[in-house]
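To start, the structure itself, in structure tokens.
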Amino acid sequence: MSTRLFRRDEDHEEIRGLAREVALGRVAPHAARVDEEHAFPVESVQALVESDLHAVGIPEAYGGPGADLLASVVVAEEVARVCTTTQQVVGANELFAWPLLLGGSEDLKTQYLPRVASGETLGAFALSEPEAGSDVAAMTTRAREVADGWELKGTKRWITNAGVAGVYVLFAVTDPDAGSRGISAFVVEPGDGLTFGAPERKMGLRGSPTCEVMLDRVVIPRDRIVGEPGQGLSLALGTLDRTRAVVAGQAVGLAQGALDVATVYLKERRQFGKRLADLQGLQFMLADMAVRVRAARLLAYAAAEEAEEGTTTMSLAGAAAKCFASDTAMSVTTDAVQLLGGAGYVRDYPVERMMRDAKITQIYEGTNQIQRIVIARALLAG
């Protein structure tokens with residue numbers, strides 16, 4: 001297993017400073033309302049677009065900042081620290097971009113990546129289905145060649161930004177007899193004939209739209225395939241090997257935000273004639289929370305560097321970071337609610353929202369059970 005350490009430089013600290021300033025000043029003020037009203041975070045997303053923080057990983061050649069994966073993790077951390085919903089919405093941009101960057105034709109990249117990089121539209125990544133979440137090989141959406149290009153038919157589920165995104169990378173089976181090797185990736189637009197289900201009623205990330213995407217004999221041009229037929233699964237996994245580091249960053253930010261609130265509360269709240277911060281039992285809880293957050297942050301940064309360098313252990317590193325960081329987000333937000341007591345259980349403080357938001361980080365982009373399988377297989381291979 002690699003022992004490589006992450007390298008953070010002045011550029012990363014500069015982008016962190018900008019992301020923190022925008023997050024605190026222009027995203028945080030809307031976070032509670034976005035959650036309460038299940039509202040799309042229009043103002044927050046616009047703030048990130050105006051600051052060029054909405055798709056930092058898109059290369060300069062396609063109109064993006066051209067930042068590395070560690071920068072994407074840092075931005076995700078700072079935005080999620082105040083509003084995980086907003087980070088999730090813009091995070092889907094890089095989920096859309098990575099399959100094109102890994103396998104798309106130059107024409108496809110030139111046609112679509114600048115639209116996301118400019119903030120003209122949001123991207124989406126349509127992999128999961130009602131009966132094919134962790135079991136990707138059970139995918140039933142089909143794509144077949146027709147005279148005009150590709151005809152797609154099927155249903156995708158749990159798709160972030162569905163209904164608001166202007167471009168989708170969508171995965172479908174092109175060779176039913178080839179199993180997982182028969183999956184291909186395509187770029188699809190709403191105007192191609194997509195229809196969308198009602199928004200899911202979610203525990204957390206309430207302002208991030210999640211819907212079904214339905215394709216009833218949707219026909220797209222032949223050149224909308226990403227890479228070659230049968231490359232879809234490798235493109236999906238290659239994407240997730242990278243974006244799991246970003247999810248880890250998201251989880252770290254969420255946990256740090258809860259730790260921040262809990263720390264301030266313990267300093268201000270008095271019980272039994274003294275500050276809660278003076279009670280050793282609560283100090284120990286706070287210390288354990290801080291240790292987990294720091295460890296998760298290091299794993300996220302290290303995973304980003306491994307993915308950037310394309311090491312042989314990048315899949316393991318991404319899985320370990322995502323698994324540990326999301327478990328940390330769940331445990332730290334739960335502990336934050338406990339430390340605030342009754343105040344933590346009501347909406348006067350953001351920790352109950354953070355606790356609800358944290359749960360999904362253990363589920364999407366591969367459940368943590370799947371991450372443990374990835375880690376074990378990497379350790380036992382060879």
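This one's a predicted model, so the numbers in the text were calculated from it and none came from an experiment. As a basis for the values below, the full set of heavy atoms in this structure was taken, side chains included, without hydrogen atoms, waters or symmetry mates.
- Distance check: Thr333 OG1 to Lys359 NZ gives 10.0 Å after rounding to the nearest 0.5 Å.
- No donor-acceptor pair closer than 3.5 Å links the side chain of Thr174 to the backbone N or O of Ile183.
- Panel note: side chain Asp35, backbone Arg206; no donor-acceptor pair is recorded below 3.5 Å.
- The shortest distance between side-chain heavy atoms of Glu131 and Thr140 does not fall below 4.5 Å.
- No side-chain N or O of Ser105 forms a donor-acceptor pair with one of Asp223 less than 3.5 Å apart.
- Smallest separation of non-hydrogen atoms from Gly193 and Val218: O-CG2, 3.7 Å.
- Here the side chains of Val90 and Val79 are not in contact, with every heavy-atom distance at 4.5 Å or above.
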Practice item. List the steps and the verdict of side chain to side chain contact (heavy atoms under 4.5 Å, CB included) for Asp288 and Arg292. Key: CA-CA 6 Å; Asp288 286 342; Arg292 291 196 293 271; 3.8 Å; yes

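- A donor-acceptor contact shorter than 3.5 Å links the side chain of Gln283 to the backbone of Ala277.
- Val188 and Leu194 get closest at one heavy-atom pair: CG1-CD2, 3.6 Å.
- Between Pro65 and Ala55 the shortest heavy-atom distance is CD-O, 3.5 Å.
- Side chains of Thr160 and Gln88: a donor on one and an acceptor on the other come within 3.5 Å.
- Without hydrogens or angle criteria, Ser326 side chain to Cys323 main chain gives a donor-acceptor distance under 3.5 Å.
- Formation of a donor-acceptor pair under 3.5 Å by the Glu308 side chain with backbone atoms of Leu69 is found in this model.
- Side-chain contact check for Val351 versus Met355: every heavy-atom pair is 4.5 Å or farther apart.
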Exercise for review: Go through the steps to decide whether Arg26 and Glu43 satisfy the test side chain to side chain contact (heavy atoms under 4.5 Å, CB included), and finish with yes or no.
Suggested key: CA-CA 8 Å; Arg26 301 185 62 186; Glu43 299 91 347; over 6 Å; no

Point to revise | Full working for side chain to side chain donor-acceptor pair (under 3.5 Å) between Thr361 and Gln250 | key: CA-CA 8 Å; Thr361 65; Gln250 178 191 67; 5.8 Å; no

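- Pairing each heavy atom of Lys109 with each of Leu100, the nearest pair is CD-O, 3.4 Å.
- Between the side chain of Asn93 and the main chain of Leu122, no donor-acceptor pair closer than 3.5 Å is present.
- Shortest non-hydrogen contact noted between Arg142 and Ala172 is C-CB, 4.0 Å.
- For Arg356 (side chain) and Met203 (main-chain N/O), a donor-acceptor pair under 3.5 Å exists by modelled atom type.
- Between the side chains of Thr155 and Glu212, no donor-acceptor pair is found at a separation under 3.5 Å.
- Residues Leu235 and Trp98 have side chains not in contact (no heavy-atom distance under 4.5 Å, counting atoms from C-beta outward).
- His30 NE2 to Glu36 CD: the interatomic distance, rounded to the nearest 0.5 Å, is 16.0 Å.
- Looking only at side-chain heavy atoms (C-beta outward), Pro199 and Thr210 stay at 4.5 Å or farther from each other.
- Minimum interatomic distance between Ala19 and Leu53 (heavy atoms only, all atoms of both residues): CA-CD1, 3.7 Å.
- Under a 4.0 Å N-O distance rule, the pair Glu145/Arg222 qualifies as a salt bridge.
- Counting only heavy atoms from C-beta outward, the side chains of Val22 and Glu50 never approach each other to under 4.5 Å.
- Taking the ring centroids of Phe125 and Phe171, they lie under the 6.0 Å cut-off.
- In this structure, Arg16 pairs ionically with Glu77, as a charged nitrogen and a carboxylate oxygen lie closer than 4.0 Å.
- Salt bridge present: Glu129 and Lys156 bring a charged side-chain N and a carboxylate O closer than 4.0 Å.
- Distance CD1/Ile375 to CG/Asn368: 8.5 Å, rounded to 0.5 Å.
- Shown are Leu215, Asp192, Val187; of these, the side-chain contact (heavy atoms from CB on, under 4.5 Å) with Ile220 is made only by Asp192.
- By the 4.0 Å N-to-carboxylate-O rule, Arg372 lies close enough to Asp327 to be salt-bridged with it.
- A continuous path of ILVMFWY side-chain contacts below 4.5 Å connects Val173 to Leu237, so both sit in one hydrophobic cluster.
- Lys322 has no carboxylate O lying under 4.0 Å from a charged side-chain N of Glu365, or vice versa, which leaves the two without a salt bridge.
- Tyr265 places none of its side-chain heavy atoms less than 4.5 Å from the side chain of Leu339.
- Residues Met289 and Thr263 fail the side-chain proximity criterion, which asks for heavy atoms closer than 4.5 Å.
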